[in-house]
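As structure tokens, the structure follows; a few thoughts come after it.
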Amino acid sequence: MNTADFLNNFREGALSATALTQACLARAKAAAPLNALLHVSTEAALARATELDAKRQAGGSLGALAGVPIAIKDALCTLDAPTTAASKILTRDGKTYATGWRPPYDATVVKRLRDADALLIGKANMDEFAMGSSNENSAFGPVKNPWDLTRTPGGSSGGSAAAVAARTVPAALGSDTGGSIRQPASHCGVVGVKPSYGRVSRYGLIAFASSLDQVGPLTSDVDGAARVLEVIAGADPLDATCVDAPAGNYVRACQVDLPKLRVGVPQQYFAAGLDDSVRHAVEKVIDHYRSHGAEIVSVSLPHTDYGVSTYYLIATAEASSNLSRFDGVRFGLRVEDGDLTSLYEKSRGLGFGAEVKRRIMLGTYALSAGFYDAYYRKAQQVRTLIREDFDRAFTQVDLLVTPSSPTPAFRLGEKVQDPLQMYLADIYTLPASLAGICGLSLPAGFVETDGAQLPIGVQLLAPHFAEERLFTAAAHWERTAALAHLAPPGFGA
Ligand code: GLN
């Protein structure tokens, strides 16, 4: 069942919220070996379901996501469950999730889901502090890809993507700084939307790189993503970077017919390093738009090659500053041993994982006196060039179609020893993040590899705040390709 099925079954009284929640909890249990969820809110979810059933019976007005079970990436603050960003530093004992930090408030997006009568089922696993592309950087163990248990689900929102792919929940929230919604969505065969920067509140999202971070949905179909985004988007007085503009009508955008589109195909996204299976799947989507009246235009985004280095300077610089608050004093792990300096050193030394430490060091170096101009300032200048590439392209076309990721899901362990290879998993998603524009990944097709069917994602990109355009184009392909109902073997229906 997808998001609308849950909603309709509950609204029409075919299934109670309690029954829906129980089914979902049973599925979470069956899917436990995937390690997609760090926490299942059994009691809180059932209590909420009882309230919702009473409300429906009393004829109360039901919210836009009434009866829809949703998982929340553990980077988002939740009042009724620990919040750790999958880091030991946000646990009291330096080990277990259950001793995780308890935020005194809900993130704005979480509060909006609750207000819309969604059922919050649990917290999703992720790469520590959202740094990673495979979920192998979680302090609580990697997540397995439900299509092939020997492969990663992608990252950093890998738990959210795997939970949706395994049909534990029809929808989840993730966060995307450089691809962390779109890349795992593509590797797990689900839909993922990175909204335009400023579209969704970041209040209560544990910050990784504040000028890039955005919260967005991962869902089993395009309509579900539209429904969730409509609820979470829009101005928030608690986040000054969240733009004061109402959310669009994304659900309606999914239903309208395809307008006459100019579709851009950026040359640089089809160059060396792209797996043939991905190229073919994405070309099929481009052919689809062509055969439905779109004009296909080859465009150039000349600064694409600088995306990875620019991102890894800016994101690490911002992370080194954002993560300085985790020092053993106020949050989570506190290793007391001697003076204040050794409290900092021991707490941070034990609390952070290797990748997080690497990034703090890279970022601190890039910002340090004498290197700032050569690295951070230069990266900001190149970021402007990358944004201008997109500005120019969008004077020629309405939409860009690209691969979401250069390969299908890779194997667990395949890239852990080679951070550069891991960073390259995001070459097609990073530039849009640097530009601040919106992007959506959805299934383009499948490839058979070593006996497993692996999903391949296509990425659609549109200008700032043109999310409606993404939804219209994505829903059109989804209707034709009819891939949305496909679930991994053993996780069906
Ligand atoms: N994989 C990228 C990184 O490791 C992007 C992560 C993200 O979007 N949070 O930084």
Side-chain angles (χ1 to χ4, degrees), residues 73-76 85-87 124-138 142-143 152-161 172-188 192-197 200 202 205-218 307-320 322-323 352-363 366 379 383 404-407 409-410 414-416 418-441 457 459 461:
K73 185 178 186 178
D74 200 42
L76 288 158
S87 181
N125 202 348
M126 57 184 281
D127 283 299
E128 183 177 6
F129 286 108
M131 297 174 186
S133 308
S134 69
N135 235 280
E136 290 163 297
N137 296 336
S138 167
V143 176
T152 88
S156 65
S157 308
S160 303
L173 289 188
S175 66
D176 189 311
T177 305
S180 275
I181 290 175
R182 291 161 285 161
Q183 187 256 17
S186 123
H187 287 187
C188 288
V193 180
K194 184 204 87 79
S196 310
Y197 188 78
V200 176
R202 291 182 297 111
L205 169 69
I206 295 178
F208 163 10
S210 309
S211 76
L212 295 156
D213 299 340
Q214 271 294 292
V215 179
L218 293 105
V308 174
S309 34
T310 306
Y311 170 84
Y312 277 95
L313 282 167
I314 293 174
T316 56
E318 293 184 18
S320 72
N322 275 327
L323 269 56
F352 289 134
E355 180 64 22
V356 174
K357 285 180 186 159
R358 174 167 24 237
R359 299 208 188 186
I360 291 173
M361 287 189 274
L362 284 170
R383 181 179 190 172
S404 301
S405 176
T407 63
F410 44 92
E414 189 178 322
K415 299 185 194 225
V416 275
D418 189 346
L420 268 185
Q421 277 308 312
M422 192 69 97
Y423 295 175
L424 287 172
D426 299 308
I427 44 172
Y428 303 134
T429 49
L430 297 173
S433 294
L434 289 163
I437 60 173
C438 54
L440 181 155
S441 178
Q459 175 178 239
L461 298 173

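Just so it is clear, the model here is predicted, and its values are computed rather than measured. Below, each value reflects all heavy atoms present in this structure, side chains not excepted, and no hydrogens, waters or symmetry copies. As the structure lists them, so they are numbered: ligands from 1, and atoms in each ligand from 1.
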Give the atom numbers and elements of ligand 1 that come within less than 4.0 Å of a heavy atom of F208. 9 (N), 10 (O)

May I ask which of A425, A209, G178 has a heavy atom nearer to atom 8 (O) of ligand 1 than the others do? G178

Candidates S133, S180, S404, S405 - the one meeting side chain to side chain contact (heavy atoms under 4.5 Å, CB included) with D426: S133

Subset of ligand 1 atoms that lie under 4.0 Å from at least one heavy atom of Y312: 2 (C), 3 (C), 4 (O), 10 (O)

Please check whether G155 reaches ligand 1 - meaning an N/O of the residue sits under 3.5 Å from an N/O of the ligand, judged on distance alone. no

Please say whether R359 places an N or O atom under 3.5 Å from an N or O atom belonging to ligand 1. yes

Distance-only N or O hit between ligand 1 and T177, under 3.5 Å: yes

So K73 and S175, side chain to side chain donor-acceptor pair (under 3.5 Å) or not? Walk me through it. CA-CA 7 Å; K73 185 178 186 178; S175 66; 2.8 Å; yes

Can you measure from CG (D74) to CD1 (I206) and round to the nearest 0.5 angstrom? 7.0 Å

For ligand 1 and G132, I'd like to know whether there is a polar contact (N/O to N/O, distance under 3.5 Å). yes

Going through the checks in order, is the side-chain contact (heavy atoms from CB on, under 4.5 Å) test met by F129 and N137? CA-CA 9 Å; F129 286 108; N137 296 336; over 6 Å; no

Could you name each residue pair satisfying salt bridge (Lys or Arg N to Asp or Glu O under 4.0 Å) that touches residues 172-181, not counting sequence neighbours? D176-R182

Using atom types as modelled and distance alone, determine if a side-chain donor or acceptor of D213 lies under 3.5 Å from a backbone N or O of F208. yes

What protein heavy atom lies closest to atom 1 (N) of ligand 1? Include the residue and the distance to one decimal. D426 OD2, 2.5 Å

Separation of N135 CG from D127 CG (nearest 0.5 Å): 5.0 Å

If the cut-off is 4.0 Å to any non-hydrogen atom of A130, which atoms of ligand 1 fall inside it? 6 (C), 7 (C), 9 (N)

Judged by non-hydrogen atoms, does A315 sit under 4.0 Å from ligand 1? no

If you have a sec, work out which protein heavy atom is nearest atom 5 (C) of ligand 1 and how many Å separate them, to one decimal? Y311 OH, 3.3 Å

May I ask you to check whether D176 has an N/O atom sitting below 3.5 Å from an N/O atom of ligand 1? no

Provide, to 0.1 Å, the distance between atom 7 (C) of ligand 1 and the closest protein heavy atom, together with that atom's residue and name. S180 OG, 2.4 Å

Taking only heavy atoms of S156, which atoms of ligand 1 are found under 4.0 Å from at least one of them? 9 (N)

Reported NZ-to-CD distance for the pair K415 and E136, which is rounded to 0.5 angstrom: 10.5 Å

Steps toward side-chain contact (heavy atoms from CB on, under 4.5 Å) verdict (L323, M131): CA-CA 12 Å; L323 269 56; M131 297 174 186; 3.9 Å; yes

N/O separation below 3.5 Å, M131 to ligand 1: no

Can you measure from CZ (R359) to CZ (F352) and round to the nearest 0.5 angstrom? 13.0 Å

